[in-house]
Structure formats: C-alpha cells, structure tokens
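What you see is a predicted model, and the numbers here were worked out from it, not measured in a lab. A note on names: the letters A, B, ... follow the listed sequences, proteins ahead of strands, and every chain is numbered from 1.
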Number of protein chains: 2
Amino acid sequence: MDNYQYSIAELAQMMDVTTRTIRYYEELGLIAPERKGSVRLYNEGDRVRLKLILRGRRLGFSLQEIEEMLSLYDADPTEVKQLQEVIRRGDQKIKEIEDQIKDLQAVHGELIELRAKLNKTLQEKWKGESSK
Amino acid sequence: MDNYQYSIAELAQMMDVTTRTIRYYEELGLIAPERKGSVRLYNEGDRVRLKLILRGRRLGFSLQEIEEMLSLYDADPTEVKQLQEVIRRGDQKIKEIEDQIKDLQAVHGELIELRAKLNKTLQEKWKGESSK
DNA sequence: ATTTCCTTTTACGTTAACGTCAATTAGTTG
DNA sequence: CAACTAATTGACGTTAACGTAAAAGGAAAT
C-alpha cells in the first residue's frame with residue numbers, strides 16, 4: 001500500500017529534523033498535511049516534498065527560494081498565462097543554478113590545486129628530513 | 001604598480017557591499033587590512049580575499065565555513081603536523097563540495113524535466129485552442 | 001479514574017549576518 | 001579657523017530559521 005500515513009513524530013525521525021521544523025515549514029506554506037481532527041497526518045507526497053525542502057536547505061537556499069521553486073510544480077495547467085509565467089521563472093532559476101554549479105566547480109578546482117601544492121611542500125619536507 | 005591601496009568606501013563600492021559588511025568580516029577575522037593610524041587600507045590581496053568570501057556567501061556557505069576554507073590557505077608550511085591536518089580537512093571539504101555539485105545537478109535535471117512537461121502541456125493547449 | 005504519551009497552539013528566546021544611528025576624530029578645502 | 005567630508009568605534013535594531021518551554025486536549029493502558 002502506498003497510502004501509509006505518518007505522525008509528525010515519525011516523519012521527523014525519518015527525516016532527522018524536529019517536529020518544530022516541520023510545523024514551521026507548514027506555517028510558511030511549504031507543506032500542507034491532511035488533518036484528522038486537529039492532528040496532522042503525512043503521506044508519501046508530503047514526505048517527498050519535505051525531502052526536497054531539506055535538500056534545498058543543504059544547498060544553501062533560503063526557505064523563500066525553496067518555496068518559489070516548489071511553486072513551479074503547483075501551477076494550474078489550465079491557465080495559459082500562468083503556464084508561460086511559470087516557465088519563465090523556471091528558466092530563470094535554471095540559469096541561476098547553472099551559474100552556481102560553475103562557481104562550485106571553480107571552488108572545487110581551486111581546492112584541488114591547493115591540495116597539490118600542500119602535498120608537494122610536504123614531500124619536499126620529507127626529502128629534507130631523510131637526508132639529515 | 002600592483003600595490004595600490006583602497007579605502008574602505010572604495011572597496012565597498014567595487015564589491016557592491018556596505019562598509020559595515022567589510023568591517024564585520026574583519027571582526028570575524030576573515031580580513032585583516034593594514035592600518036595607517038586608525039584608518040584601514042586595503043590592498044589587492046585583501047580585495048581577492050573579499051571576493052572569495054562573497055562567492056562563498058553566494059553559494060550558501062556560512063561565514064564560519066568560509067573562514068575554515070580560507071584558513072586552508074594560511075597553513076604554516078614549516079609544520080608537518082599542521083600540513084597533514086590541513087590536507088585532511090581540505091580533502092573533507094572537497095568531498096562535501098563534490099556531493100553538493102551532484103545534488104545541484106540533480107535539482108537542475110529535475111527543473112529541466114519539469115520545464116519540458118510544462119511546455120508540452122502548453123503546446124497541447126494551443127492545438128486544442130486552434131481547432132475551435 | 002488517573003496516569004502516561006503524543007499532540008496541539010501560543011509565545012518568548014536565540015544565533016547569524018548584517019542595518020542603522022550616534023558620537024568622535026582626522027584630514028582638507030574655502 | 002570654520003566647515004565639510006570620510007573614517008572610526010560602540011551600541012542597539014532586525015530578519016530568518018528555528019529552539020524551548022508552558023498550557024491544554026485526546027486516546028490508551030493500568
């Protein structure tokens with residue numbers, strides 16, 4: 001069965017966050033779980049959505065940026081004007097991410113280069129020591 | 001001449017940040033400009049360092065993480081033990097960045113896919129409209 | 001029925017990364 | 001020398017993203 005329900009505590013433990021964090025995301029409109037009375041019930045979709053949020057957070061996006069990205073998935077497919085707007089915003093975000101990947105690759109390259117230099121310094125120190 | 005000096009206001013304007021930001025980074029030990037009396041004087045090295053900080057910030061790193069990364073460049077090359085430690089921390093950071101690049105590429109791929117779907121929906125709407 | 005456990009809402013507290021403002025000082029221009 | 005102009009330190013304010021604690025409700029086990 002794919003329609004298993006999670007309590008907030010279960011979901012929190014699965015995703016390794018606190019319940020406060022999950023409720024806070026709901027407060028911001030990032031998640032909207034079902035309710036049975038007053039208690040929240042989360043399904044697979046909610047879990048996936050939370051996972052997307054957490055990945056975005058790890059990548060350094062603000063919760064507002066994350067909301068904007070998630071909203072791209074919630075567009076009304078019957079409204080042409082909306083579709084066009086969402087595609088435009090999506091393209092913008094895609095470009096930003098491409099830039100970010102390039103910057104990250106630059107940082108990566110620089111660290112690799114630094115590592116090589118440090119290693120060389122280290123090797124030369126060995127040669128100097130071994131001849132004493 | 002490569003040893004031109006900048007005032008804090010000049011540097012701030014060049015890098016498009018406020019002077020407060022620059023002073024705050026100094027407070028955290030991220031930059032250490034020369035002083036002529038009490039007034040700060042920045043050189044090319046300081047400018048490059050600030051640029052690195054700002055790139056790190058754009059990429060979502062905390063100022064503390066940025067400090068740790070910059071500190072990799074400040075290792076004492078005469079201390080073998082230190083060199084080894086710095087290389088170890090550097091390797092760790094390199095791995096993290098590789099993971100981050102992979103995650104970002106995943107996000108990129110998902111957005112591209114979404115874009116394709118939205119576009120298809122849009123095309124079909126056109127066909128539907130044009131036959132009316 | 002009472003205790004236990006999980007949940008809810010409300011509300012105040014905290015940290016990072018600055019913004020903003022005030023008071024003071026140092027250099028220079030009319 | 002008076003009046004700007006730009007710099008400095010100090011201090012309090014602000015926002016995002018939660019942490020933490022208190023009060024109250026419902027269901028289940030003893």
Side-chain angles (χ1 to χ4, degrees), chain A residues 4-43 46-47 49-71 93 96 100 103 107, chain B residues 4-43 46-47 49-71 93 96 100 103 107:
Chain A
Y4 183 73
Q5 312 262 83
Y6 309 101
S7 77
I8 192 170
E10 284 172 341
L11 186 62
Q13 186 172 4
M14 291 177 56
M15 310 306 262
D16 199 35
V17 295
T18 68
T19 60
R20 175 63 170 105
T21 297
I22 298 177
R23 290 202 192 92
Y24 180 61
Y25 292 166
E26 179 176 350
E27 205 178 315
L28 298 187
L30 295 178
I31 313 183
E34 189 185 333
R35 296 264 187 158
K36 181 185 160 192
S38 74
V39 25
R40 297 168 172 82
L41 288 179
Y42 300 86
N43 58 31
D46 296 324
R47 197 183 59 78
R49 204 165 165 101
L50 178 54
K51 201 159 194 171
L52 288 178
I53 296 172
L54 296 178
R55 184 181 62 182
R57 200 184 59 170
R58 282 200 319 274
L59 290 172
F61 295 111
S62 70
L63 293 180
Q64 183 170 333
E65 283 178 294
I66 292 173
E67 189 212 310
E68 288 165 10
M69 295 176 62
L70 286 179
S71 77
K93 208 59 186 173
E96 287 175 24
Q100 206 165 337
D103 269 359
V107 173
Chain B
Y4 184 74
Q5 311 261 84
Y6 310 101
S7 76
I8 192 168
E10 283 172 341
L11 186 62
Q13 186 172 4
M14 291 177 57
M15 310 305 263
D16 199 35
V17 295
T18 68
T19 61
R20 175 63 170 105
T21 297
I22 297 179
R23 290 202 193 92
Y24 180 60
Y25 292 167
E26 179 176 350
E27 206 178 314
L28 298 186
L30 294 177
I31 313 184
E34 190 185 332
R35 295 265 187 159
K36 181 183 161 194
S38 73
V39 25
R40 298 169 173 80
L41 287 179
Y42 300 86
N43 58 32
D46 296 324
R47 197 185 58 79
R49 202 164 165 102
L50 178 54
K51 200 159 194 172
L52 288 178
I53 296 172
L54 296 178
R55 185 182 61 183
R57 201 183 58 169
R58 283 201 317 274
L59 289 172
F61 294 111
S62 71
L63 293 180
Q64 182 170 334
E65 283 178 294
I66 292 173
E67 189 212 310
E68 288 165 11
M69 295 176 62
L70 286 178
S71 77
K93 208 60 186 171
E96 287 175 26
Q100 206 166 335
D103 269 0
V107 173

In the 5'-to-3' direction, what one-character label does each nucleotide of nucleotides 20-26 of chain D receive under the scheme B = base within less than 4.0 Å of a protein heavy atom, S = sugar-phosphate only, - = no such atom? B------
Tell me: [atom1] of [X] to [atom2] of [N], nearest whole Å?
X	N	atom1	atom2	result
Ile22(B)	dC18(C)	CD1	P	11 Å
Glu26(A)	dA17(D)	CD	C1'	16 Å
Tyr24(B)	dG19(C)	OH	C1'	12 Å

Among residues at least two apart in sequence or on other chains, which ones pass salt bridge (Lys or Arg N to Asp or Glu O under 4.0 Å) with [X]?
X	answer
Arg55(B)	Glu110(A)
Glu10(A)	none
Arg57(A)	none

Is the number of heavy atoms from other residues, nucleotides or ligands within 6.0 Å of CD (Glu96(B)) greater than 12? yes
Sequence-distant partners of [X], side-chain contact (heavy atoms from CB on, under 4.5 Å), two or more places apart:
X	value
Ser71(A)	Arg89(A)
Arg20(A)	Thr18(A), Tyr24(A), Glu27(A)
Glu68(B)	Gln64(B)

Please set out all donor-acceptor pairs under 3.5 angstrom arising from side-chain atoms of residues 30-42 of chain A, sequence neighbours excluded.
from	atom 1	to	atom 2	distance (Å)
Arg35(A)	NH1	Ser38(A)	O	2.8
Arg35(A)	NH2	Glu26(A)	OE2	3.2
Arg40(A)	NE	Glu26(A)	OE1	2.6

How bent is the helix from dA1(C)-dT30(D) to dG30(C)-dC1(D), comparing axes over its five end pairs at each side, to the nearest 10°? 20°
Between residues 52-67 of chain B and DNA chain D, which residues have a heavy-atom gap below 4.0 Å? none
Distances under 3.5 Å between protein N/O atoms and the N/O atoms of nucleotides 6-8 of chain D, please, pair by pair.
from	atom 1	to	atom 2	distance (Å)
dA7(D)	OP1	Ser7(B)	OG	3.1
dT8(D)	OP1	Arg40(B)	N	2.9
dT8(D)	OP1	Arg40(B)	NH1	2.9
dT8(D)	OP2	Arg23(B)	NE	3.1
dT8(D)	OP2	Arg23(B)	NH2	2.5
dT8(D)	O5'	Arg40(B)	NH1	3.3

Shortest non-hydrogen contact between Glu67(A) and Leu28(A), atoms and distance: OE1-O, 4.2 Å
Using side chain to side chain contact (heavy atoms under 4.5 Å, CB included) as the criterion, point out the one residue from Leu54(B), Leu52(B), Asp46(B) that pairs with Leu50(B). Leu54(B)
Set of residues satisfying ring-ring contact (aromatic ring centres under 6.0 Å, His included) with respect to Tyr6(B), sequence neighbours excluded: Tyr4(B)
Does dA17(C) have its OP1 or OP2 closer than 4.0 Å to a side-chain nitrogen or oxygen of Tyr25(B)? no
